[in-house]
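Notes follow once the structure below has been shown.
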2 protein chains.
Amino acid sequence: MDRDKTKVRSFEVAELAQISRSTVSRALAGDPRISESTRARVRAAAAQLGYQPNLIARGLKNRSTGIVGVVVTDLNNPYHAQALQLLVGKLGARRLAPLVFVGDTAEGAESAIERLMSYQVDAVIALAAPFSGQIVRACRAGRKPLVLMNRHDGDEDVSVVSGDGVAAGAMAADHLIAQGARTFAYFAGDDSTSISLDRETGFAERLAENGFELSARLSSRYSHAHALDVAADLLRSGAQAIFCANDTLAFALMDAARGMTGGARRPLVVGYDNSALAGWPVYDLTSIDQNLEDMTSLTVETAHSMVAAPASPPRRHVISPHLVQRGSSINRPPKGTI
Amino acid sequence: MDRDKTKVRSFEVAELAQISRSTVSRALAGDPRISESTRARVRAAAAQLGYQPNLIARGLKNRSTGIVGVVVTDLNNPYHAQALQLLVGKLGARRLAPLVFVGDTAEGAESAIERLMSYQVDAVIALAAPFSGQIVRACRAGRKPLVLMNRHDGDEDVSVVSGDGVAAGAMAADHLIAQGARTFAYFAGDDSTSISLDRETGFAERLAENGFELSARLSSRYSHAHALDVAADLLRSGAQAIFCANDTLAFALMDAARGMTGGARRPLVVGYDNSALAGWPVYDLTSIDQNLEDMTSLTVETAHSMVAAPASPPRRHVISPHLVQRGSSINRPPKGTI
DNA sequence: GTGAAAGCGCTAACAG
DNA sequence: CTGTTAGCGCTTTCAC
């Protein structure tokens, strides 16, 4: 437990610049009371020695670590992975450091949040997390700002940034109606988050407004294998157009359709997430893009501002999605088909 | 900057248990000198108050934070995303917390590593990172244990856990030869990491041992769109079997083959990564699995042991891959084809 | 077996 | 404008 002599402390910088440690701290922090000449001297000394402040010590003193906890569920879901990537990048730009935990089970979420608290994070971002109840409770108890991304169940007093599921469903309906479909189905996921319910509601309501109705509905786990197993049932409903809660479900549905014998007309399909694969020719899937870029920006901005002003009231942002039209929803075989 | 009265400090626990703060610390840390009766009392008091030690303060005192820096490049690559997911989980199991940074550019890597150092991480794990040179340098300067995962360029004195690229290439060759192919090509990525070079070398050498040679070679960026653009050139070489540096390249190649006019026989294809998509019926791609589960376990174990014994010499582990055979490398149309 | 005291590296009153 | 001093919450000698 000896001191590592390679580590430069503010004391060394102070010595070299012939000044006190407080002045070093102030000069580097941009305190306006420090004269330009001393500041320059301090900067030079710091640079010469390669001084990097110890943020752990600073965190202890300031009660603000600059660490933001990020709780994520499943990185195998490309949509979550991309969201995390964007979050990490944007947090970094604001000089915040993400401490990442995976909470894919109730116990996992519990222990994740506990560790985050121990590390005195400045805020917590929970990404599409189930078990958000425990997270909300823990953050409230620990007085930590919390931003829920793509989750808005309960009228909790936490900040939320989420996609507009109702608008997404309506968009899908409008588009499919415009393509000439007259019978419709919904392929749901196995979650019961309000956002995914919104999608279905928005879809059904917009159909109703146009005098149509949902003739079939099926739900599946969000895994390609499982969805592939059950998709045939949905196809047999004969619906001309199917809106899927997720691109993965849409892919499975299309795979099932290809595998079906006979020349049964393939349904028009619209997915949700606009994952990279949706743009590949094999699927060429029309999909609803949640504008992750905006969503993550706003999430980070919200977290940041809550750190800066902890007393400020929770914010709620809703991001409008947009539909990316591709071959899967056009009334002729998509170009990727052979 | 007032004290948050909701935060329980070891002092409160000590008070409740009628004991000193030192004893609280020792009791909770499992110091054998503490009598069982006091330990029980302390535990009870801690539980009653919901005491969670402040790991930032502990880190400052102990010069060991329990934080491990993880530098990752591209989470949109499902292989990296999965690796990160596994790493995070396994670090958590060892009570280590991952501070994640994305270093997809040289400056990104630079600033990432700088921040990690400031946070006094106990070790750094770099995941398939380019710019590993700077990371190696920074970790050496900061005397931080570093584990490179799937990177072993240079004979640096750092620990490395990587897949056996040569074995992977040889496996692909053996398999394709066994399937009856007589002319071979390699579809390379645009990286020049030793591991990816190994793959090609292993492939070419095993071919040579069997009296065959590589009749064509092409490289592409690791993006589906770019690979799709150039793949036709490779297909025109007429090779009967093509080994790809990456599943994404393999998918693009197969897509290009489907799009080609005429009944030109499709080549046998073997990919690398065994991503989830490889198992889907549309591609049904034979691929080499790097055993990420083992690789990440060993990476975390290595990092952990280097934290425990900083003086220990660097370790080098090589993980054997295995080939997962699917339809794309069998001499008849893969079952997913229509 | 337990307590008292010191100190990790930093910053922010409080003085001047 | 700058220095002195205290203290963040924890662990750990050193003393008993």
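Sequence lines set the chain letters: A, B, ... in the order given, protein chains first and strands last, and positions in each chain run from 1.
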Tyr51(B) side chain N/O closer than 4.0 Å to the phosphate oxygens (OP1, OP2) of dC10(D)?
-> yes
Answer yes or no: is there a donor N or O on one side and an acceptor on the other, between the side chain of Asn150(B) and the main chain of Gly163(B), under 3.5 Å?
-> yes
Give every pair of a protein N or O atom and an N or O atom of nucleotides 14-16 of chain D that lie under 3.5 Å apart, one pair per line with the distance.
none

Closest-nucleotide 5' rank along DNA chain C - winner of Gln18(B) and Arg21(B) = Gln18(B)
Can you give me every donor-acceptor pair (side chain of residues 110-127 of chain B, partner residue at least two apart or in another chain, under 3.5 Å) with its distance?
{"residue": "Arg115(B)", "atom": "NH2", "partner": "Arg95(A)", "partner atom": "O", "Å": "3.4"}
{"residue": "Ser118(B)", "atom": "OG", "partner": "Glu114(B)", "partner atom": "O", "Å": "3.2"}
{"residue": "Tyr119(B)", "atom": "OH", "partner": "Thr65(A)", "partner atom": "O", "Å": "2.7"}
{"residue": "Tyr119(B)", "atom": "OH", "partner": "Gly66(A)", "partner atom": "O", "Å": "3.4"}
{"residue": "Asp122(B)", "atom": "OD1", "partner": "Thr65(B)", "partner atom": "N", "Å": "3.1"}
{"residue": "Asp122(B)", "atom": "OD2", "partner": "Ser64(B)", "partner atom": "OG", "Å": "3.0"}
{"residue": "Asp122(B)", "atom": "OD2", "partner": "Thr65(B)", "partner atom": "N", "Å": "3.4"}
{"residue": "Asp122(B)", "atom": "OD2", "partner": "Gly66(B)", "partner atom": "N", "Å": "2.7"}

Quick one: Asn62(A) CG to dC10(C) P, roughly how many Å, whole number?
-> 12 Å
Rounded to whole angstroms, how far apart are CG on Leu60(A) and P on dC8(C)?
-> 13 Å
Run the side-chain contact (heavy atoms from CB on, under 4.5 Å) check on Leu292(A) and Met149(A) step by step: do they pass?
-> CA-CA 10 Å; Leu292(A) 262 190; Met149(A) 189 170 134; 3.8 Å; yes
Nearest whole angstrom, please: distance from the P of dA12(C) to the CG of Asp31(A).
-> 9 Å
Ignoring hydrogens and geometry, is there a side-chain-to-backbone donor-acceptor pair from Asn54(A) to Arg9(A) under 3.5 Å?
-> no
In short, the helix from dG1(C)-dC16(D) to dG16(C)-dC1(D) is bent end to end, axes from five pairs each side, to 10°, by 40°
Quick one: closest heavy-atom pair of Val88(B) and Val100(A), and the distance?
-> CG1-O, 3.7 Å
Taken in chain and number order and not counting sequence neighbours, the residues that satisfy side chain to side chain contact (heavy atoms under 4.5 Å, CB included) with Asp74(B) are Gln85(A), Asn76(B), Asn77(B), His80(B)
Numerically ordered, the residues 35-49 of chain A set in heavy-atom contact under 4.0 Å with DNA chain D is Ser35(A), Thr38(A)
Look at the side-chain N and O atoms of Ser10(B) and state whether any lies under 4.0 Å from the OP1 or OP2 oxygen of dC10(D).
-> yes
Write down the distance between CG (Leu55(B)) and C1' (dT11(D)), rounded to a whole number of angstrom.
-> 13 Å
To the nearest angstrom, the CG-P distance between Leu28(B) and dT12(D) comes to 13 Å
Report all side-chain donor-acceptor pairs from residues 297-308 of chain B shorter than 3.5 Å, counting only partners two or more places apart or in another chain.
{"residue": "Ser297(B)", "atom": "OG", "partner": "Lys90(B)", "partner atom": "NZ", "Å": "3.0"}
{"residue": "Ser297(B)", "atom": "OG", "partner": "Glu293(B)", "partner atom": "O", "Å": "3.1"}
{"residue": "Thr299(B)", "atom": "OG1", "partner": "Met295(B)", "partner atom": "O", "Å": "2.7"}
{"residue": "Thr302(B)", "atom": "OG1", "partner": "Leu298(B)", "partner atom": "O", "Å": "2.6"}
{"residue": "Ser305(B)", "atom": "OG", "partner": "Thr302(B)", "partner atom": "O", "Å": "3.0"}
{"residue": "Ser305(B)", "atom": "OG", "partner": "Arg315(B)", "partner atom": "NH2", "Å": "2.8"}

Think Arg63(A) has a side-chain N or O under 4.0 angstrom from the OP1 or OP2 of dC8(D)?
-> no
